[in-house]
Participant: 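Here it is, the structure, as structure tokens.
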Amino acid sequence: MTDPAVDGPMAASGSAAAERSATASVPKQLRIGPSWRDASAATGLAVEDPSTGETLAEVADATPTDGLAALLAAHHSQASWALTAPRVRGEILRRAYERITADSARLALLITLEMGKPLADSLWEVGYAADFFRWYAEEAVRTDGAYATAPAGGGRVLTMRQPVGPCLLITPWNLPLAMATRKIGAALAAGCTAILKPAEQTPLTALALTEILLDCGVPEGVLNTVTTSDPGPLVAAVMADPRLRKVSFTGSTDVGRILIAQSASQVLRVSMELGGNAPFLVFADADVAAAVEGAVLAKMRTNGEACTAANRLYIARDIADEFTERLTARLAGMRVGRGTEPGVETGPLIDAAARGHVDRLVRDAERRGARVATGGHTMPRAGHFFEPTLLAGVPADALMLREEIFGPVAPLITFDDEADVVTAANDTQYGLAAYIYTRDLGRALRVAEQLEAGMVALNQGTVANSSAPFGGIKHSGYGREGGREGIGDYLAIKYVAISLPD
Ligand code: NAP
């Protein structure tokens with residue numbers, strides 16, 4: 001394992017030896033209760049490098065039996081973890097924040113190797129991920145209640161918040177570290193035990209994180225990690241067991257719907273962080289140069305594979321030519337390549353299916369009359385690369401304005417009127433993030449209030465912030481992660497009716 005104190009913060013990047021050492025440093029087994037153990041199935045789960053198609057490593061491939069063993073371990077540890085002093089829980093998370101920060105080069109390299117995005121994006125993710133542990137370390141000691149006199153007198157109302165119990169945490173591949181820390185931090189701070197089920201494309205990051213948390217003092221059974229190539233049966237078995245009390249899911253709306261339906265039988269607490277279709281509105285009074293940089297960040301970070309990615313760029317007609325010209329130049333100048341190479345700004349998509357989906361959306365928009373300003377094609381090389389792409393004049397019926405693109409493609413639509421653009425922005429089943437660029441404060445607040453989204457970024461290209469409540473409305477889900485609200489998703493309210501005659 002790389003020691004940043006000895007090797008410097010970037011020592012893990014850039015060489016085949018460093019890559020081998022990073023993948024070799026990660027445990028490949030399941031973590032259940034007190035031990036690392038093999039899965040009950042004989043076969044392994046191969047992890048692919050999306051920039052080459054080559055196998056990086058093989059990890060254990062859990063079955064439903066392993067999932068239930070993980071739930072049993074979480075169940076057995078629940079009572080003692082709930083009784084562990086909040087300060088102790090918080091200090092473990094704080095140590096994990098520090099460990100992740102110190103280990104950022106190795107973790108970023110792991111993310112880049114199995115997910116594909118450039119190292120700079122992965123390093124950003126490591127910082128974002130660590131910050132959830134810092135935040136929840138601080139929140140662990142603030143799960144307060146209330147004490148009130150009953151309005152009629154003669155009694156008191158005591159309200160307390162208690163851990164909901166064992167939680168199943170299901171995460172996607174696009175931010176494999178941050179989506180895990182955002183859930184684990186809240187669950188552990190609240191006093192809940194957990195089973196982490198990472199995406200099958202990115203198990204190495206999750207296993208490395210699990211080891212760090214154990215090293216930092218998370219007791220046995222409090223965090224259990226199961227990697228699997230067949231999540232449906234495993235998750236269904238765990239969710240059907242009455243010992244589970246909550247499921248927190250980040251992923252697609254389609255899978256979210258399945259899990260919401262499955263949660264009914266045990267009446268589970270449910271948090272859903274689902275897909276998005278973020279509008280990016282640039283008004284005529286905006287700082288165009290800043291809006292272009294914001295669009296590059298909102299569109300291209302994480303290869304465009306982010307739930308908050310700007311999916312539809314609505315540009316006021318007066319500035320549309322200037323904006324298009326500048327953004328075309330920025331995207332055309334982006335260096336595409338393997339995420340580990342110096343200077344690379346965008347990497348491969350996660351797999352062939354993802355690249356095929358992006359290609360279909362671009363061909364569909366073209367057929368309907370959109371103009372390719374730059375890019376527009378898959379790249380003839382190993383790995384799942386697609387060119388950074390700008391499409392101008394995208395018609396309202398193009399599929400990419402309805403579906404998540406999840407790739408480095410920016411569709412541009414010109415608008416004339418504030419009310420019309422708000423209507424167009426809201427014409428989607430999703431409601432996760434939205435972006436506004438304007439220098440008019442009245443317009444900024446008016447439009448922010450009218451947009452149907454859980455999060456609105458004003459004159460900036462990101463909403464990521466551990467101290468803010470992250471989440472969506474409509475088909476983008478419910479529940480919030482981060483902020484003062486995040487820990488509340490893992491706490492059940494109990495009220496005690498006290499007789500206290502005057
Ligand atoms: P996905 O296919 O829905 O998978 C997400 C997770 O669910 C993975 O761990 C996956 O395991 C698991 N899964 C798949 N089918 C399942 C089933 N039948 N039962 C139980 N679990 C199942 O999504 P993805 O492609 O990994 O991620 C992209 C999506 O996530 C996008 O829609 C994106 O917008 C969304 N997302 C949302 C947020 C947010 O905070 N709102 C953040 C990031 C991403 P396998 O990997 O084994 O299939």
Side-chain angles (χ1 to χ4, degrees), residues 45-48 50 59 61-62 64 67 114-115 117 125 128-129 132 168-183 195-203 205-206 225-240 244 247-263 268 270-278 301-311 349-351 353-354 357 403-407 428-433 453-455 463-466 468-482 486 489:
L45 165 59
V47 188
E48 184 192 282
V59 301
D61 193 358
E114 61 181 355
M115 187 275 164
K117 64 188 166 195
E125 183 188 339
Y128 181 46
F132 282 106
L168 176 60
L169 313 177
I170 306 174
T171 52
W173 47 263
N174 61 344
L175 290 116
L177 193 64
M179 297 302 93
T181 60
R182 203 161 77 170
K183 295 186 192 304
I195 303 143
L196 174 65
K197 205 303 286 169
E200 66 193 84
Q201 285 106 333
T202 53
T205 307
T225 299
V226 287
T227 52
T228 179
S229 64
D230 193 9
L234 184 151
V235 167
V238 173
M239 287 179 69
L244 188 75
V247 60
S248 175
F249 172 75
T250 297
S252 63
T253 298
D254 284 347
V255 174
R257 281 196 191 94
I258 295 172
L259 299 181
I260 291 167
Q262 282 178 192
S263 71
L268 294 174
V270 178
S271 298
M272 288 283 147
E273 298 285 352
L274 306 178
N277 181 7
R301 182 144 76 187
T302 299
N303 298 339
E305 297 167 304
C307 53
T308 51
N311 211 60
L349 296 176
I350 189 70
D351 55 26
H357 166 75
E403 298 179 21
E404 272 189 296
I405 300 170
F406 240 57
T428 170
Q429 63 174 339
Y430 295 107
L432 192 61
M455 300 170 284
V463 291
N465 186 336
S466 67
F470 189 106
I473 59 172
K474 295 163 75 178
H475 291 202
S476 293
Y478 41 74
R480 290 294 179 270
E481 293 189 321
D489 275 18

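Predicted model, so just to flag it, every value in this text is computed and none were measured. Here, residue 1 is the first one in the sequence, and each next residue gets the next number. Both counts, for ligands and for their atoms, begin at 1 and track the order of listing. Only heavy atoms go into these numbers, but all of them, side chains included; no hydrogens, no water, no symmetry mates.
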Participant: Can you see which heavy atom on A453 is nearest to which on I473, and at what distance?
Facilitator: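 In terms of heavy atoms, the two residues are closest at N-CD1, 3.6 Å.
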
Participant: Between E404 and ligand 1, which residue portion shows a heavy-atom distance shorter than 4.0 Å: side chain, backbone, both, or neither?
Facilitator: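 Looking at E404 and ligand 1, just side chain atoms fall under 4.0 Å.
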
Participant: L234: heavy atom below 4.0 Å from ligand 1, yes or no?
Facilitator: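 In this structure, L234 fails to qualify as a contact of ligand 1 - no heavy atom is under 4.0 Å.
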
Participant: Can you check whether T227 reaches P198 side chain to side chain, under 4.5 Å on heavy atoms?
Facilitator: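 Counting from C-beta outward, T227 and P198 do come under 4.5 Å.
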
Participant: Does T253 reach the side chain of E404, with side-chain heavy atoms less than 4.5 Å apart?
Facilitator: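 With C-beta onward as the side chain, the pair stays apart.
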
Participant: For ligand 1, which atoms have a heavy atom of L432 less than 4.0 angstrom away?
Facilitator: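 This gives 41 (N) as the contact atoms.
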
Participant: Answer with side chain, backbone, both or neither: which part of P198 has a heavy atom less than 4.0 angstrom from an atom of ligand 1?
Facilitator: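 It is the backbone that gets close, since no side chain atom is under 4.0 Å.
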
Participant: Using a 4.0 Å heavy-atom threshold (strictly under), name the region of R182 that reaches ligand 1: side chain, backbone, both or neither.
Facilitator: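 Looking at R182 and ligand 1, just side chain atoms fall under 4.0 Å.
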
Participant: Provide, to 0.1 Å, the distance between atom 38 (C) of ligand 1 and the closest protein heavy atom, together with that atom's residue and name.
Facilitator: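 In this structure, atom 38 (C) of ligand 1 has C307 SG, 2.9 Å as its nearest protein heavy atom.
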
Participant: If only side-chain N and O atoms count, and only distance matters, is there a donor-acceptor pair under 3.5 Å linking K183 with T250?
Facilitator: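 Checked: T250/K183 side chains pair up, N/O donor to acceptor below 3.5 Å.
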
Participant: Would you call K117 and E125 a salt bridge, using N to O less than 4.0 angstrom?
Facilitator: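 Salt bridge: yes.
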
Participant: Quick test: of every protein heavy atom, which one is nearest to atom 7 (O) of ligand 1, and how far off is it to 0.1 Å?
Facilitator: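 Among all protein heavy atoms, the one nearest atom 7 (O) of ligand 1 is F249 CE1, 3.1 Å.
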
Participant: Could you tell me, atom by atom, which parts of ligand 1 come under 4.0 Å of a heavy atom of F470?
Facilitator: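 Listed by number with element, the hits are 39 (C), 40 (O).
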
Participant: Where on T171 is there a heavy atom closer than 4.0 Å to ligand 1, on the side chain, on the backbone, on both, or on neither?
Facilitator: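 Backbone only.
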
Participant: Check whether any side-chain heavy atom of R182 sits under 4.5 Å from a side-chain heavy atom of Y128, and report yes or no.
Facilitator: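 Yes, side chains in contact.
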
Participant: Does the side chain of S263 reach to within under 4.5 Å of the side chain of F249, using non-hydrogen atoms?
Facilitator: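 When only atoms from C-beta onward are counted, F249 and S263 do not touch, as no gap falls below 4.5 Å.
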
Participant: Once you restrict to heavy atoms under 4.0 Å, what part of E481 touches ligand 1? Side chain, backbone, both or neither.
Facilitator: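 Neither; nothing of E481 gets under 4.0 Å from ligand 1.
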
Participant: Just need the protein heavy atom nearest to atom 23 (O) of ligand 1, so name the residue and atom and give the distance.
Facilitator: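 Nearest neighbour among protein heavy atoms for atom 23 (O) of ligand 1, to 0.1 Å: S252 N, 3.4 Å.
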
Participant: How close does the nearest protein non-hydrogen atom get to atom 24 (P) of ligand 1, and which residue and atom is it?
Facilitator: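 Checking every protein heavy atom, the shortest distance to atom 24 (P) of ligand 1 gives W173 NE1, 3.4 Å.
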
Participant: Of the protein's non-hydrogen atoms, which lies at the shortest distance from atom 10 (C) of ligand 1, and what is that distance?
Facilitator: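 Its nearest protein heavy-atom neighbour is K197 NZ, 3.7 Å.
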
Participant: Please write down residue, atom name and distance for the protein heavy atom closest to atom 35 (C) of ligand 1.
Facilitator: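 For this ligand atom, the closest protein heavy atom is G251 O, 3.2 Å.
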
Participant: Where is the nearest protein heavy atom to atom 27 (O) of ligand 1: which residue, which atom, and how far?
Facilitator: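 Nearest neighbour among protein heavy atoms for atom 27 (O) of ligand 1, to 0.1 Å: P172 CB, 3.5 Å.
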
Participant: Which heavy atom of D230 sits nearest to which heavy atom of D61, and what is that distance?
Facilitator: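 Smallest interatomic distance, heavy atoms only, reads N-OD1, 4.4 Å.
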
Participant: Does a donor on one side chain sit under 3.5 Å from an acceptor on the other, for E481 and S271?
Facilitator: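 Distance-only check fails for E481 and S271.
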
Participant: Can you tell me which residue and heavy atom of the protein come closest to atom 45 (P) of ligand 1, and the distance to 0.1 Å?
Facilitator: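 The protein heavy atom lying closest is E200 OE1, 3.3 Å.
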
Participant: Look at atom 15 (N) of ligand 1 and find which of N174, T250, V255, L175 reaches it with the closest heavy atom.
Facilitator: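 The nearest heavy atom belongs to V255.
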
Participant: Please examine the side chains of N174 and F406, heavy atoms only from C-beta on, and report whether any two atoms are closer than 4.5 Å.
Facilitator: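 Yes, side chains in contact.
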
Participant: Side chains of T205 and M115, heavy atoms from C-beta outward: is any pair under 4.5 Å?
Facilitator: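 A side-chain contact under 4.5 Å is absent here.
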
Participant: Using 0.5 Å steps for rounding, measure from the CD1 atom of I195 to the CD1 atom of I170.
Facilitator: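 Result: 9.5 Å between the selected atoms.
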
Participant: With heavy-atom distances below 4.0 Å as the criterion, list the atoms of ligand 1 near I170.
Facilitator: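 Under 4.0 Å from I170, ligand 1 has these atoms: 6 (C), 7 (O), 9 (O), 12 (C).
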
Participant: Could you tell me which atoms of ligand 1, counted from 1 in the order shown, lie closer than 4.0 angstrom to a heavy atom of L259?
Facilitator: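 Atoms satisfying the 4.0 Å criterion: 19 (N), 20 (C).
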
